[in-house]
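Below is one structure, written out as structure tokens; the observations come after it.
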Amino acid sequence: MASFWPFAGLACNRDGAAIRLDPAEGGRLHWKNLMGDRRGRQVVRVRYAPSPTGTLHIGGARTALFNYLFALHQGGRFVLRLEDTDRARQVEGSEAAMMRGLASLGLIWDEGPDVGGAYGPYRQSERGEYYRRAANQLLEQGRAYRCFCTAQELADERERRRRQGLPPRYSGRCRALLPEVAAGRAADQPYVLRLAVPPSGSTVVDDLIRGKVEFENAQIDDFVLTKPDGTPVYNFAVVVDDAQMAITHVIRGEEHLSNTPKQMLVAEALGLKVPEFAHLPMILAPDRSKMSKRHGATSVDEYREQGILAQALANYLLLLGWSSPEGREFMSIAEAGQRFDLDRVQRTAAIYDQKKLEWMNGQYLRMLPAAKVAQAALPFVRGSGMDLAQGPALTCAVELVRERSRTLRELVDNMRFLYQAPAAFDPKGVQKYLSEPEAGARLGVVARALKSVAPWDHDHLSLAFDKVAAELGVKRALIIHPVRMAVTGKTVGPGLFEMLAALGPEKTIRQLERVARLLESGEGISVSAAAD
RNA sequence: GGCCCCAUAGUCUAGAGGCCUAGGACGCCGGACCCUCAUUCCGGAAACAGCGGUUCGAAUCCGCUUGGGGCUACCA
């Protein structure tokens, strides 16, 4: 673990590149490529840097995943940094939620606020000293200047320009202030620090996914670096942090592409080397707009609550913007790590598709060992009011119903009858299979016949049904469906014999007799549309 | 408005000038199997946004148009 201020002397670690802040040179930030790996190559370092303003969002999860896979593939390090400079936007518990979300997907960070690392601290709120130093350097060198304009003045200016049909930019008025004058006013007036952006020339972002993108400096206004209280604004903080943390590749969402030239300008003013950039396509909602709450689940937590397995979600996210060279879709994170390459990242925004996610989840439900699925289903079982002691082992129930379930929620729903007798019956099913006058009597006959079935397994049950059908002179299906209805309350479900085998003789017979009695006494059975 | 990015079926994508009468996956439709549903297996409909170039040849290169998205905060 590094001390809070590792810059006295050499700030580096065995991994290689680092910034050095030499007090002898007025605390200037220097980029030093201190050492590479054994072959002299710079070690890859990537980061995921969320702002703790909520839970882990699906887009953020995909960004984190791609960073993680890139590090995995390159043998690099994955860093977690919290961008919490704007205190007003902080959400209580968000930091923990973010970390929980990442961990649940199997994305483990090598360095971060909780585990530490040689380039900490990993919360921007704890890195004030770095920003202060960098800000002072820029001010001293005349690369940044103090701006005393009030929020009202700026708003007025923007409005004026907008009315004239001009882009709403800051005029750069305070840039003309003499340094002595500005320093004097700074004593008793609040101010922000702005970058003195070169009025001409252009800045080229050489993006690993999009190629060279050129921005004219004249289009960029003198943006704010630090607020009146000295806290840094995003475009300033990232640059200082990425450099100090020796980040080699910045892989992030496309919404940051337009910010990149600003960050490069800051880096240039500070004399820092810029990392490589890769801007990932966005993930959009089905209506092509940005994903938000009104589109349903957007956070990793919500997917978990829906009964989506972490593996399935990670696998699905992997496919949003990346494809494997062999065209394989099912892949573990480790397998993806072996293949992951920025060359195969798509440039087009992807629209998120819940159907395919659920399909994929269903596949995982079938592929995974039953014990694993059972474990994942446990929280849902607990929330369902079912008592596992009242029925077969959970793994057994999983085997029985996993094939027709797409989420853990459905899975647990589908196995309910094993642990508690149905409280209500599907009305359509009752109409179709239990409404004939002799329905009750038939169930009674079946119940009686089943009493002598031994051993109680699929084949013997099947034989018993053949016999009863023959005695009654009806087709087998004519008793199979009513029995399924009586036992589960539903018209759909697993094969009847596997189902009864899992249910066991006592409960099967008791339930058949109960329904038979209800039907014959004319009491009727309770019907509910909810029992589907 | 200005600047920037993007454009293969409803959706995710393969495709890096001739291998493309454009391949795969989800979804959809039809069929087979079955005690229902689901699985599985067959089969089907469905796309290179438009227009101009370049080239012997363009989904692939260039330009324009159109459409979508992003940035333009003392948010990140």
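These values consider heavy atoms only, across backbone and side chains, with no hydrogens, waters or symmetry-generated copies. Quick caveat: nothing in here was measured; it's all calculated off a predicted structure. Proteins come first, then strands; the chains are lettered A, B, ... in the order of their sequence lines, and each starts at number 1.
An OP1 or OP2 oxygen of B:G70 is reached within less than 4.0 angstrom by no side-chain nitrogen or oxygen of A:Arg210. Look at A:Arg344 and you'll find a side-chain N or O under 4.0 angstrom from OP1 or OP2 of B:G15. Residue A:Thr85 places at least one side-chain N or O closer than 4.0 Å to OP1 or OP2 of B:A76. A:Ser258 has no side-chain polar atom (N or O) that falls below the 4.0 Å cut-off from OP1 or OP2 of B:C3. A close approach under 4.0 Å does not occur between any side-chain nitrogen or oxygen of A:Gln346 and OP1 or OP2 of B:C6. One finds a side-chain N or O of A:Lys227 lying less than 4.0 angstrom from the OP1 or OP2 phosphate oxygen of B:C75.
In this structure, A:Phe340 and A:Phe70 have perpendicular ring planes: the angle between them is above 60°, well past the 30° mark. Using the six-membered ring where Trp is involved, A:Phe497 and A:His458 have ring planes that are perpendicular, over 60° apart on the 30 and 60° scheme. Between A:Tyr234 and A:His256, the ring planes are tilted. Angles from 30° to 60° get that label.
Pairing for B:C51 goes to B:G63, judged as Watson-Crick or G-U wobble with the two contacts each under 3.5 Å. Figure legend. B:C71 is base-paired to B:G2; pairs are counted as Watson-Crick or G-U wobble with both atom distances under 3.5 Å. A 3.5 Å limit on both hydrogen-bonding distances identifies no Watson-Crick or G-U partner for B:U21. If you check B:A14 for Watson-Crick or wobble pairing at under 3.5 angstrom, you find it has no partner at all. The pairing partner recorded for B:C37 is none, the criterion being a Watson-Crick or G-U wobble arrangement whose two distances lie under 3.5 angstrom. Nucleotide B:A9 is matched to nothing when pairs are restricted to Watson-Crick or G-U wobble geometry with both distances under 3.5 angstrom.
Atoms CG (A:Asn259) and P (B:A73) sit 11 Å apart, rounded to a whole Å. In this entry the distance linking NZ of A:Lys432 with C1' of B:C37 reads 11 Å, nearest Å. Rounded to an integer number of Å, the gap from CG of A:Asp343 to P of B:A14 is 12 Å. One can place CD of A:Glu254 at 12 Å from P of B:G69, the figure rounded to the nearest angstrom. Separating the CH2 atom of A:Trp359 from the P atom of B:U39 is a distance of 11 Å, rounded to the nearest angstrom. Spacing between atom CG of A:Leu411 and atom P of B:A38 amounts to 17 Å, rounded to whole angstrom units. For the pair A:Met264 CE and B:C4 C1', the computed distance is 14 Å after rounding to whole Å. One can place CE of A:Met415 at 22 Å from P of B:C37, the figure rounded to the nearest angstrom.
In the set B:G70, B:C26, B:C37, B:C37 carries the atom at the smallest distance from any side-chain atom of A:Arg404. When distances run from any side-chain atom of A:Leu496 to the nucleotides B:C35, B:C26, B:C75, the shortest one goes to B:C35. Closest to the side chain of A:Asp353, from the set B:A76, B:G10, B:U72, is B:G10. Considering only side-chain atoms of A:Lys355, the nucleotide from B:C26, B:C35, B:A76 that sits closest is B:C26. Of the candidates B:G1, B:C74, B:G24, the closest approach to any side-chain atom of A:Glu329 belongs to B:G24. Closest to the A:Glu255 side chain, of the nucleotides B:C74, B:G70, B:U39, is B:G70. Among the nucleotides B:G70, B:C5, B:C75, the one closest to any side-chain atom of A:Val233 is B:C75. Taking only side-chain atoms of A:Arg484, from C-beta outward, the nucleotide of B:C35, B:C37, B:A76 with the closest atom is B:C35. Here B:C6 is the nucleotide among B:U13, B:C26, B:C6 with the atom lying nearest to any side-chain atom of A:Thr348. Listed nucleotides: B:C74, B:G69, B:U13. Nearest to the side chain of A:Leu284: B:G69.
Taking atom C1' in both B:A14 and B:C48, the straight-line distance is 13 Å, to the nearest Å. B:G70 sits 23 Å from B:U8 when the C1' atoms are compared, rounded to a whole Å. Nucleotides B:A32 and B:U21, compared at atom C1', are 29 Å apart to the nearest Å. B:C62 sits 24 Å from B:G69 when the C1' atoms are compared, rounded to a whole Å. For the P atoms, the distance linking B:G23 with B:G30 amounts to 24 Å, nearest Å. When the P atom is compared between B:G24 and B:C41, the two are found 14 Å apart, to the nearest whole Å. Taking the C1' atoms as reference points, B:A38 lies 11 Å from B:C34, given to the whole Å. If you take atom C1' in B:C28 and the same atom in B:C71, they sit 38 Å apart, rounded to whole Å.
Shown here for A:Glu95 and A:Pro113, the closest heavy-atom pair between the two residues is OE2-CB, 4.5 Å.
Here A:Arg162 pairs with A:Glu159 in a salt bridge; the nearest charged N to carboxylate O distance falls below 4.0 Å. Checked for salt-bridge contact, A:Asp222 and A:Arg169 miss the test: no charged N lies under 4.0 Å from a carboxylate O.
Of the residues in residues 472-480 of chain A, those placing a heavy atom less than 4.0 Å from an atom of RNA chain B are A:Arg476, A:Ile480, in numerical order.
The closest donor-acceptor contact from the side chain of A:Ser94 to the backbone of A:Gln90 lies at 3.5 Å or more, if one exists at all. Although no hydrogens or angles enter the test, the distance criterion places a donor-acceptor pair under 3.5 Å between the side chain of A:Ser405 and the main chain of A:Val401. The main-chain N or O of A:Phe380 is never found under 3.5 Å from a side-chain atom of A:Arg409 such that the two would form a donor-acceptor pair.
Both tests pass for A:Arg194 against the ring of A:Tyr170: distance under 6.0 Å to the centre and angle within 45° of the axis. The cationic atom of A:Arg185 (NZ for Lys, CZ for Arg) lies less than 6.0 Å from the six-membered ring centre of A:Phe148 and within 45° of the ring axis.
Along RNA chain B, the nucleotide closest to A:Arg406 and the one closest to A:Gln219 are compared, and the more 5′ of them pairs with A:Gln219. Of the two residues contacting RNA chain B, namely A:Ile351 and A:Phe497, the nearest-nucleotide position lying further toward the 5' end is that of A:Ile351.
Contact annotation for A:Gly429: no contact, since no heavy-atom pair falls under 4.0 Å across all strands.
Between the side chain of A:Asn235 and the base of B:A76, no donor-acceptor pair of N or O atoms lies under 3.5 Å. A donor N or O paired with an acceptor N or O is not found under 3.5 Å between the base of B:C6 and the side-chain atoms of A:Arg347.
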